[in-house]
Amino acid sequence: MNRLPNPEMIDDENPELDDEWFKRAKRFDQLSPELQAKLRAVRGPQKAPTKERITIRLSPEVLERFRATGPGWQTRMDAALKEWIKDHPLDDAA
């Protein structure tokens, strides 16, 4: 597939990787030990995780409303659920 790139999508600081670039590339084991160590380093687990990752299904209108509030919408949704918990103690649930 040899299509011409969209001129509006060209990023001079991050050019497309071509055959010439791959010819100059080095294998991981050819890199210096210092660079290998840096590339191997991964962020460890949180020392004190404050939240738990889950999968949840929500109605489109709820998601749309929270997402419309911009960045931080998940934190605001968490706060709204915490508020609901305050107003609905477990003994009232069922």
Side-chain angles (χ1 to χ4, degrees):
M1 180 187 248
N2 286 333
R3 294 188 306 165
L4 293 176
N6 178 344
E8 293 179 15
M9 299 293 288
I10 293 175
D11 181 355
D12 293 331
E13 292 182 17
N14 296 296
E16 188 172 340
L17 305 180
D18 57 10
D19 290 337
E20 189 58 38
W21 185 90
F22 282 101
K23 285 178 189 171
R24 293 190 319 266
K26 293 183 180 181
R27 290 191 338 238
F28 183 79
D29 61 358
Q30 295 173 323
L31 301 175
S32 70
E34 295 82 16
L35 184 54
Q36 286 183 29
K38 248 186 197 179
L39 293 172
R40 271 196 194 105
V42 293
R43 182 177 174 200
Q46 290 182 338
K47 289 185 170 63
T50 58
K51 295 182 179 176
E52 183 177 339
R53 179 180 293 270
I54 64 163
T55 300
I56 184 171
R57 292 179 170 277
L58 300 169
S59 61
E61 55 270 17
V62 169
L63 282 176
E64 182 180 331
R65 180 66 184 262
F66 276 94
R67 286 178 173 156
T69 64
W73 66 269
Q74 291 171 323
T75 301
R76 285 187 290 282
M77 183 180 279
D78 185 59
L81 290 170
K82 286 179 183 177
E83 189 67 32
W84 187 90
I85 289 171
K86 278 193 251 177
D87 295 341
H88 299 83
L90 264 181
D91 55 315
D92 290 350

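Numbering starts at 1 and runs along the sequence shown.
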Checklist entry - If you count the non-hydrogen atoms of other residues, nucleotides and ligands that lie under 6.0 Å from CD in Q30, is the total more than 12? => result yes
Checklist entry - If we only count heavy atoms from C-beta on, is the K51 to T75 side-chain gap below 4.5 Å? => result yes
Checklist entry - Out of curiosity, E64 CD to L58 CG, how far, rounded to the nearest 0.5 Å? => result 13.0 Å
Item to check | Shortest non-hydrogen contact between T69 and W73, atoms and distance | outcome: OG1-CB, 3.7 Å
Checklist entry - Out of curiosity, S59 OG to R65 CZ, how far, rounded to the nearest 0.5 Å? => result 12.0 Å
Checklist outcome for this item: Taken to the nearest 0.5 Å, the spacing of R24 CZ from L17 CG works out to 9.5 Å
Checklist entry - Is any NZ, NE, NH1 or NH2 atom of the basic residue among K23 and D19 found under 4.0 Å from an Asp or Glu carboxylate oxygen of the other? => result no
Checklist entry - Which value, rounded to the nearest 0.5 Å, describes the distance between I56 atom CD1 and L81 atom CG? => result 7.0 Å
Next on the checklist: Are V62 and I54 linked, directly or through intermediate hydrophobic residues, by side-chain heavy-atom contacts shorter than 4.5 Å (ILVMFWY only)?
Outcome noted: yes
Checklist entry - Sub-3.5 Å donor-acceptor pair from the side chain of R76 to the main-chain atoms of P71, do we have one? => result yes
Checklist entry - Taking all non-hydrogen atoms of both residues, which atom of F66 and which atom of M77 are closest, and how far apart? => result CE2-CA, 3.4 Å
